[in-house]
Structures are given as C-alpha cells and as structure tokens.
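Data block below; observations after.
Heavy-atom basis, side chains included; hydrogens, waters and symmetry copies ignored. In what follows, every chain begins at residue 1, and chains take the letters A, B, ... in the order their sequences are listed.
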Amino acid sequence: MIVPGDPRPPPGAPHPGRPSPFPRDRLERPTLEAARALLGARLVRDAVPATDEGSGLGRRVGRIVEVEAYIGEDDLASHARFGPTDRNRVMYGPPGTAYVYLVYGMHHCLNVVTEPTGRPAALLVRAVEPIDGVDAMRAEREALSAGRRRARASTDARPRHIPDARLAAGPGLVAAAFGITRRDTGIDLCDPSSPLRLESPPGGEPPPDVVTGPRIGIAYAAEPWTSVAWRFTVAGSPSISGRRR
DNA sequence: GCAAAGATTTGCT
DNA sequence: GCAAATCTTTGCC
C-alpha cells in the first residue's frame, strides 16, 4: 500500500540508488518505439581488474543520447539486406542481445538487437554522454589515438584535449570508450549480471526531448532508406556525434 | 580465389 | 574540405 511519506518505492519502481535492468519488452517491439525507449538508458561496463597487461579500469556508465534504427531485410542500409550471414545472424536472435561489428577495418560499433526473434532489426548506439568512469574512457581513447599516431608516424603531433562530453560522441568512440569489441557480440544486455549491460534511467528522471533525422553514413543505400528519419537524438545533449561548430 | 566497399575518425590542406 | 588508415565481409568469376 502506498501512503504519502512512505519511503518505500511503489511496486515495480526502481529502488532509489539501486540500478534497475533495462526491461527486455521495451526492445521486443517495433524498433522505432524501442529507439525512444533506449534514449536516456544507461550503458554500463563493469570494472576491469588489473592484469599483467596493465592496470585495471574503473566502472563506466553513460547515458545513451543517440541511436539509429536498422529494420528488416528490406532496409537497404542494414546489414540484414544480405539475409542471414555469419556476421549478422545475431540480429535475427532475441531482443536485448549485443551485435558488434567492425567498420572500415578499425572501428567497432555497438548495436542493441530489437523486435521478436526471427525479425532482423537493431539499434546502433551512436553516442553516449559520460556519467561515471570518465578516466577509464579517456584512457581507452588515448590508447587508441596513440596507436593511430604510431601508424601514421607523426611524432610531432600531440593529442588534442578532449572534453568529457565528447569522449563517446560517435559510434566508434562509444565502442572505444567502453572497450567494446566483436567479442561482446551475443552478450545479453538486459541481464544484470552481464559485464556490459543496459540499465533504466533513474526513477524520477524525465524522459528526454527527442529529435529525429536521416541516418548518417549510408549513402550507399537507395531511397527511401537514405532519407527515412530513423536517427534519434536527445535534444540539447553536448555528446551528439558529429563535429562541433 | 580476388576485388571492392564499408552503419568512421582524424589530421592536414 | 579531403584523403588516409585498415581489415572483414560480401559478391562475383
């Protein structure tokens, strides 16, 4: 029973201060609806203990502020346009599963599988607003930049300062900041015991204002797929992908 | 078996 | 504004 002043949360509500897993049924529905549900959700990577390789990394948490929908085999921008393959098979599986692929031979991209099993669809996580574990995100990002500079053999170039809000402001940067690789494909992001997972926004946080627009980087597709407004962003977030003015 | 292109990011011009 | 870096996946011969 709920009475005014009762410190206990109402039934089903997130426990204050305790994370609540992201409900799978929010993803097991039309992807364009799931996109709005996923905005504001938390992406969490558990702490990585220190090994011989190097010192550990703290727990990382960020708020999802940009996603893109890829829906069905008809969508000529989707990896599912080829039908089921070794790479995209997980898109045909249960909602809440992670689908991670490599683009341009160097960047990983994290997708959240949506819709009931058998229907290939997913949401590409394009940008995350860092909340916690900024040091770990920065460490992974700088390791990436250092490797790039080595490859380019540009000894004179020094790393440019990156504001916290820009650490995961792009799909490849989200994966880098959270240490996500193809080995994470198949992880159940709705399972609270997964080392990489989704959590619901804290109770009381208002749902974000959402802006939609066409998807990015899919010029290879045909109309109407290049123009449909299947990109969803949180209005006013400083962490949206793309270059700053 | 080989060639082409890619759900990106960065740094230089 | 443009091109490079880099390698997997897919299509075609």
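Panel note: side chain A/Arg24, backbone A/Pro95; a donor-acceptor pair is recorded below 3.5 Å.
Judged by distance alone, the side chains of A/Ser241 and A/Glu66 do bring a donor and an acceptor atom under 3.5 Å apart.
As judged by a 4.0 angstrom heavy-atom cut-off over every strand, A/Arg126 is placed among residues touching the sugar-phosphate backbone only. Using a 4.0 Å heavy-atom distance criterion, A/Ile218 is classed as a sugar-phosphate-only contact.
For A/His107, the listed nucleotide lying nearest its side chain is B/dT8; candidates were B/dT8, B/dA7, C/dG1.
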**Fill in**
Annotated structure of DNA chain C as dot-bracket, pair cut-off 3.5 Å, Watson-Crick or G-U only, | for inter-strand, is |||||.||||||.
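For A/Tyr104 and B/dA5, the shortest distance from a side-chain N or O to OP1 or OP2 is not below 4.0 Å.
Applying the side chain to side chain donor-acceptor pair (under 3.5 Å) test to A/Thr31 and every residue at least two apart in sequence or in another chain returns A/Thr114, A/Glu115.
Protein atom CE of A/Met106 is 16 Å distant from nucleotide atom P of C/dA3, rounded to whole Å.
Applying the 3.5 Å distance criterion, the base of B/dA7 shares a donor-acceptor pair with the side chain of A/Tyr101.
Separation of the A/Tyr101 and A/His79 ring centroids falls under the 6.0 Å cut-off.
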N/O contacts under 3.5 Å, protein versus nucleotides 8-12 of chain C?
unit_1, atom_1, unit_2, atom_2, d
C/dT8, O3', A/Arg182, NH1, 3.3
C/dT9, O3', A/Arg87, NE, 3.4
C/dT10, OP1, A/Thr85, OG1, 2.6

